[in-house]
Structures are given as C-alpha cells and as structure tokens.
Amino acid sequence: MVARLLGKKLGMTQTFNKEGDLIPVTLIQAGPCSILQIKSKETDGYSAIQVGFEERKKKRATKAEIGHCAKAKTGVKKLVREFRDDTLDTEYKLGQVLTVDVFNGVEVIDVTGTSKGKGFAGVMKRWGFHGGPATHGCTTHRGPGSIGSGTDPGRVLRGKKMAGRMGGNKCTVRNLEVIKIDKDKNLIFVKGAVPGPNGGYIVIRKSRYS
C-alpha cells in the first residue's frame with residue numbers, strides 16, 4: 001500500500017525523548033482520506049489513486065464534484081489529489097478510507113505544503129542580502145546595489161534577485177523524523193517544522209531516501 005496521505009498542519013509543540021532531551025515537534029492530522037477514483041494503465045494510461053480529504057458543504061460544490069464523489073459513496077471533499085504509482089496492486093477499492101495506519105513502521109517522511117505568504121519584501125528579507133553600510137553618508141542601507149552593467153548588455157538579466165512577492169510557494173521538507181503516531185486521533189508527531197500556517201493542507205509521504 002502506498003504510504004501517502006493528505007493532511008493538515010495543526011501546530012507546533014514540544015516533547016522529550018528517552019534521554020530527556022527537548023524536541024520541537026509539529027502535530028499533523030494525517031487523514032482519514034477516501035479513495036474517490038482508481039486509475040489504471042488500461043483505462044487511463046497510468047496507475048494512480050485519487051483521494052479526498054475533509055468534507056465540505058454540498059451547496060459550495062458543483063454538480064460534477066457531487067456526482068464524482070457519489071460514485072465512491074462519500075461526501076464532497078475540500079482537498080483532492082492523485083497519488084501516482086505504476087506498481088499499484090488491486091488491494092484498493094473505491095470509497096476505501098485510508099488512515100494513518102499506512103505509515104506503520106515508517107520512520108522518516110517528506111511533507112509538501114504551501115509556505116506562508118509574506119507579501120512584498122525587499123532583497124534583505126527575501127534573499128538575505130547583506131545591505132549597505134550602516135554609517136553616515138550611505139543612502140542605500142537596505143538597497144540591492146547594482147542590478148546590472150550599463151552599455152553592455154544594457155538590461156537587467158533574467159533571474160536577477162530583486163525585491164518582490166515573498167512566500168506562498170509550494171515547497172517540500174524532506175527527511176522529517178517521525179516521533180510518534182496516534183492511531184486513535186490520526187495524528188503524526190514529526191521532529192521540526194513543516195511548510196505553511198496552522199490549518200494549512202499538506203501532502204505526507206514516506207521519504208524517498210529512507
């Protein structure tokens with residue numbers, strides 16, 4: 001069974017290990033997720049399962065969404081994603097509920113989410129620039145400095161690090177250590193931070209390098 005689930009970041013706290021060391025942990029609600037569609041190479045050209053997480057009100061859904069979820073005998077989901085895997089077997093069933101049990105024995109996971117949006121930010125905050133001298137006579141304490149030469153090429157080169165919108169990007173944190181799994185509440189305690197705000201949706205999977 002594919003060790004992947006949709007979930008939600010609940011927040012950060014701390015715990016102690018057996019040696020008495022303080023460990024910062026993030027609480028993740030992993031599932032339950034319903035299988036909405038099973039794709040195969042014969043019908044779709046590739047193997048995958050489509051899963052949904054957290055139900056939402058019917059009045060906020062389209063007829064297509066309602067009909068699609070009705071085939072799996074489940075309510076309309078807020079978050080829907082595909083987990084592609086060409087080695088999928090036939091143990092999956094339409095409408096099957098996946099819980100945190102899929103991570104039994106998994107010690108390291110990767111978490112993908114959307115980072116917090118910071119709005120418009122300067123180069124020092126956005127890219128970690130050093131900034132200008134903090135002394136008399138300097139008029140560009142937090143400016144980027146030169147952004148290109150004059151006559152040749154006479155333009156700003158593509159990809160130049162400048163001020164702009166910061167955050168709100170899809171990002172993945174790899175190799176997070178699983179501290180504890182609470183099967184009754186579908187919770188995973190992982191060491192360290194994960195992307196996004198509290199309540200933000202995330203994708204959890206077994207680490208590719210574990």
Side-chain angles (χ1 to χ4, degrees), residues 2-17 21-31 33 48 51 53-54 78-85 103 106-180 187-210:
V2 178
R4 295 180 222 175
L5 275 183
L6 303 178
K8 180 191 291 187
K9 175 182 175 181
L10 298 181
M12 291 196 71
T13 182
Q14 57 191 22
T15 185
F16 294 89
N17 61 13
D21 299 323
L22 185 69
I23 302 175
V25 295
T26 301
L27 272 68
I28 298 174
Q29 180 186 344
C33 298
V51 300
F53 173 68
E54 217 173 58
K78 287 185 179 180
L79 184 67
V80 178
R81 291 290 184 273
E82 266 190 16
F83 295 149
R84 182 169 176 171
D85 194 337
F103 290 105
V106 175
E107 298 180 353
V108 184
I109 61 174
D110 296 339
V111 176
T112 301
T114 303
S115 62
K116 292 181 181 179
K118 306 292 184 180
F120 191 92
V123 291
M124 291 182 69
K125 179 177 179 180
R126 192 183 187 199
W127 302 109
F129 278 26
H130 182 273
T135 184
H136 297 291
C138 177
T139 58
T140 55
H141 299 291
R142 301 183 64 86
S146 174
I147 59 174
S149 55
T151 304
D152 185 21
R155 59 186 174 86
V156 179
L157 296 178
R158 185 187 298 272
K160 177 66 180 175
K161 292 179 179 178
M162 300 180 70
R165 185 181 175 206
M166 181 182 177
N169 300 316
K170 178 182 176 182
C171 57
T172 300
V173 178
R174 301 188 186 279
N175 301 326
L176 290 171
E177 180 184 350
V178 177
I179 302 299
K180 184 173 67 173
L187 295 178
I188 299 180
F189 295 72
V190 297
K191 183 179 180 180
V194 302
N198 294 343
Y201 294 116
I202 53 179
V203 178
I204 314 137
R205 67 165 181 261
K206 178 182 177 183
S207 177
R208 295 177 179 177
Y209 306 104
S210 60

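For this chain, numbers begin at 1 and follow the sequence in order.
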Quiz prompt | Phe120 side chain reached by Arg165 side chain, heavy atoms, under 4.5 Å | solution = no

Exercise. For Arg142, look at atom CZ and say whether over 12 heavy atoms of other residues, nucleotides or ligands are found less than 6.0 Å away.
Key: no

Quiz item: Under 4.5 Å between any side-chain heavy atoms of Phe83 and Leu6, yes or no?
Solution: yes

Practice problem: Can you see which heavy atom on Ala163 is nearest to which on Gly122, and at what distance? | Solution: CB-CA, 3.9 Å

Quiz item: Under a 4.5 Å cut-off applied to non-hydrogen side-chain atoms, are Glu54 and Leu79 in contact?
Solution: no

Quiz prompt | Nearest atoms (heavy-atom pairs only) where Met124 meets His130 | solution = CE-O, 3.6 Å

Quiz item: Closest heavy-atom contact between Lys9 and Val194?
Solution: NZ-O, 3.2 Å

Exercise. Can you measure from CD (Gln29) to OH (Tyr201) and round to the nearest 0.5 angstrom?
Key: 9.0 Å

Quiz item: At what distance, to the nearest 0.5 angstrom, does CD of Glu107 lie from NZ of Lys206?
Solution: 9.5 Å

Quiz item: Under 4.5 Å between any side-chain heavy atoms of Ile188 and Phe103, yes or no?
Solution: yes

Quiz item: Which pair of heavy atoms, one from Ile204 and one from Ala30, lies closest together, and at what distance?
Solution: CD1-CB, 3.9 Å

Quiz item: Out of curiosity, Arg155 CZ to Lys160 NZ, how far, rounded to the nearest 0.5 Å?
Solution: 13.5 Å

Exercise. Give a yes or no on whether the backbone of Gly167 and the side-chain of Ser115 come within a donor-acceptor separation of less than 3.5 Å.
Key: no

Exercise. Determine whether Ile23 and Phe16 make a side-chain contact, defined as any pair of heavy atoms from C-beta on separated by less than 4.5 Å.
Key: no

Quiz prompt | Rounded distance (nearest 0.5 Å) linking atom CD1 of Ile28 with atom CD1 of Ile109 | solution = 5.0 Å

Quiz prompt | Distance (rounded to the nearest 0.5 Å) between Leu10 CG and Ile202 CD1 | solution = 8.0 Å

Exercise. Could you tell me the separation between the NZ atom of Lys161 and the CD1 atom of Ile147, rounded to the nearest 0.5 Å?
Key: 15.5 Å

Quiz prompt | Residue pair Ala3 / Val106: nearest heavy atoms and the distance that separates them | solution = CB-CG2, 4.5 Å

Quiz item: Is a side-chain donor or acceptor of Arg126 paired with a backbone partner of Met162 at a separation under 3.5 angstrom?
Solution: yes

Quiz item: Given side chains that start at C-beta, do those of Thr172 and Val111 come closer than 4.5 Å, heavy atoms only?
Solution: no

Quiz item: Within the distance-only criterion (no hydrogens, no angle test), does the side chain of Thr26 pair as donor or acceptor with the backbone N or O of Gly192 below 3.5 angstrom?
Solution: yes

Quiz item: Got a donor-acceptor contact below 3.5 angstrom from the Arg81 side chain to the Val51 backbone?
Solution: no

Quiz item: Under 3.5 Å, side chain of Asn175 to main-chain N/O of Asp110, donor-acceptor pair present?
Solution: no

Self-check item: For Gly196 against Lys116, the heavy-atom pair lying closest together
Solution: O-CE, 3.8 Å

